[in-house]
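Values in this document were obtained by computation on a predicted structure and should not be read as measured data. In what follows, every chain begins at residue 1, and chains take the letters A, B, ... in the order their sequences are listed. As a basis for the values below, the full set of heavy atoms in this structure was taken, side chains included, without hydrogen atoms, waters or symmetry mates.
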Protein chains: 2
Amino acid sequence: MATGRNHRPATRSRGIPEATVARLPLYLRALTALSERSVPTVSSEELAAAAGVNSAKLRKDFSYLGSYGTRGVGYDVEYLVYQISRELGLTQDWPVVIVGIGNLGAALANYGGFASRGFRVAALIDADPAMAGKPVAGIAVQHTDELESIISDNGVSIGVIATPAGAAQQVCERLVAAGVTSILNFAPTVLSVPDGVDVRKVDLSIELQILAFHEQRKAGEEAEAAASRKGPDGDMPAVMPA
Amino acid sequence: MATGRNHRPATRSRGIPEATVARLPLYLRALTALSERSVPTVSSEELAAAAGVNSAKLRKDFSYLGSYGTRGVGYDVEYLVYQISRELGLTQDWPVVIVGIGNLGAALANYGGFASRGFRVAALIDADPAMAGKPVAGIAVQHTDELESIISDNGVSIGVIATPAGAAQQVCERLVAAGVTSILNFAPTVLSVPDGVDVRKVDLSIELQILAFHEQRKAGEEAEAAASRKGPDGDMPAVMPA
DNA sequence: GATTGTGAAGTACTTCACAGCT
DNA sequence: AGCTGTGAAGTACTTCACAATC
C-alpha cells in the first residue's frame, strides 16, 4: 500500500467499507475498458478477473452499492460505470492543485489519467521564483505566494503535495488553512492535519522496503526448502546413519 | 493504499503480519530521524506519535520482531534501527532497474531516498532509441533490448515499471522471465504474474478517486448536519411551533 | 513510577456456500 | 441452467487493559 488513512473508524462512510471504496476505482477502470470495447454486460467472474480480485469479493463490494446486477445474466456495463462514478463522486468536477513542480510534480501534471476522470489541474505551484511563469504540461507555474488566492478563487478542495519532505508540513498547513480538505502526499513525511482533513500518502521508499522484505524472505525460504529436502520428517521413517 | 498485494494469505511471512511489515518502514524513518538527532532511547508513545500510529499498535508490531525494549525505559534507537533494517532486508544491497524513463521514471531515478536505504539504481531502461545513452540522474539510459542482460549481469530482483499502461504487461513478462521476482508498478494496469512474484502498485488516479469519495461524503454530511440542526432529537424536549 | 509485552476482546474484512431470481 | 446477492463462518487486524519488569 502506499497508503495512509485518516478516517474516523467509527462511522463508516455511508455504510461502504473503506476496503470496498479502495477497490471501486479498480472496477471502474476495468468497466471503462469493457465499455470502450462496447461489451454490453459482464459477469462477476469476468469483471473480477479483469480487476484482479476474486468474484465473491466483487459481488460483496457491489452489494454495498445496491442490487445493480441481474441474476443469471450479470451486470450492465454502462449502468455500473455510471453508478460507481456517481458513488465515487466523479460525476462532478474536482479542481486540484499540485504543489512542488520538480521532477515528480511535472510527472503528475503530465499524467493523462488525471484529467480523464473528473480531476482538473487548476494550478501548479512552486516555491522557486525562477519557475514562476514557466509552462509545465501547458500550464504556467505560479509562485507559492499565490497559494491562498488560487485555492479560494478556484474552490479547490484537493491538494497534491510533491515538495521535498522538509517543506511538506508547512505547505500542508497553508493548504488546509486555505480550505483544502483532502491531501495526496508524495513527500516522505507524516503530515499532521486537523480532524476532517483526509490525507493519503504515496511513498516509493516504503513500497520498495516492503518488496525487499518479501524478497529476502523468498531467499530464506529457498534455503529452508533446500535444507528440508535433505532431512525432512516426511512420510518415510527417517533413519540417520549412526 | 495505493497498494496491490500478491501473497499467499495462508502462510504468514515468518509470523509477521503483512500490516506490520507495511508499517516497519514508517518506524524506521522516524527512528532514523531520532538517530540523526542523537536521541538514545524512545518510548512507544513518542515513537508512535512520530510515525503517526497509536502506541498499542506499535508495541504489538515490535512484539512480532522480538522483545527489543526495556520496561520502564523504552527502546534503544540505534538497536531498533538495526533490528528493523535487518528484518526488512535493508542490510543488504538491492540493485533495482527502472523501466520507462519518461517524466515519472526520471523523477524516480532522481529520488534521493532511493539510494539511502540499500537500494541502488542499477540501470534505467527505455524503449525509445533516442533516449539511449542520455544521462538521467547521472546514469546513461539503456535500450529495452538490453533488459535481459542487464538483469542477469547485475543480479537484479526488483524492477520498477514506469511505462505507459499499454507496455506494462509485456515489460513485466520480460522482467519476470529474466529473473525479477518483485515489481513496483506505476502503470495504471493490473499486472498478471506467476506465483512467487510480488507486485505492488502505486496508482495516482486511484488515490485521487478515493479522496474524491470522502470529499463528496463530507459535503453530504454537512448538508445532513445542517438538516439535523433544524430538527434533531437532542437532550432538550423539541417543541415545534404548531 | 514508568513503560513494555501480550492475552483477551473487539472490529473489519474476506471467503464460503447456497437460496433466490431471471 | 446460470449468476447474483447475502447470511454465516472464517481470518486478519486493532485496541484494550493490565501483569511483568526495570
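From B/N54, atom CG reaches atom CZ of B/R59 across 8.5 Å, with rounding to the nearest 0.5 Å.
Atoms CG (B/L47) and P (C/dT3) sit 14 Å apart, rounded to a whole Å. B/E45 places its CD atom 8 Å from the P atom of C/dT4, with the value rounded to the nearest Å. The distance between atom CG of A/D76 and atom C1' of D/dT4, rounded to the nearest whole Å, is 15 Å. The nearest whole Å value for the distance from the CZ atom in A/R59 to the C1' atom in C/dA19 is 13 Å.
Nucleic acid contact for B/Y75: sugar-phosphate only, since backbone atoms but no base atoms lie under 4.0 Å from a heavy atom of the residue.
Residue whose closest nucleotide on DNA chain C sits further toward the 5' end, between B/K60 and A/G72: B/K60. Nearest-nucleotide positions on DNA chain C place B/F62 closer to the 5' end than the other of B/F62 and A/K57.
The side chain of A/N54 contributes no N or O atom lying less than 4.0 Å from OP1 or OP2 of C/dT14. Put simply, B/R23 has a side-chain N or O that comes within less than 4.0 Å of OP1 or OP2 on D/dT14.
Comparing C/dC13, C/dT22, D/dC18 by their nearest atom to the side chain of A/E18 picks out C/dC13. Here the nucleotide nearest the side chain of B/P17, chosen from D/dT14, D/dC13, C/dT14, is D/dC13. Listed candidates were C/dT15, D/dT14, C/dG5. Nearest to the side chain of B/S63 is C/dG5. Closest to the side chain of A/S67, out of C/dG5, D/dG5, D/dT4, is D/dG5. Taking every side-chain heavy atom of A/S43 into account, D/dT4 is the closest of D/dC13, D/dT4, D/dT15. Relative to the side chain of B/Y64, the nucleotides D/dT14, D/dG5, C/dT15 differ in distance, and D/dT14 lies closest.
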Side-chain atoms of residues 184-192 of chain B: list all donor-acceptor pairs with protein atoms under 3.5 Å, sequence neighbours left out, distances to 0.1 Å.
from	atom 1	to	atom 2	distance (Å)
B/N185	OD1	B/A187	N	2.9
B/N185	ND2	B/A187	O	3.1
B/N185	ND2	B/T189	O	3.1
B/T189	OG1	B/A165	O	3.4

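For B/R71 and D/dT21, a side-chain-to-base donor-acceptor distance below 3.5 Å is absent, hydrogens and geometry of angles not being considered.
Ion pair A/R217/B/D198 not flagged as a salt bridge, since none of the NZ, NE, NH1 or NH2 atoms sits closer than 4.0 Å to an Asp/Glu carboxylate oxygen.
Surrounding CD of B/E45 are at most 12 heavy atoms belonging to other residues, nucleotides or ligands under 6.0 Å away.
Side-chain rings of A/F62 and A/Y68 stay apart, their centers remaining 6.0 Å or farther from each other.
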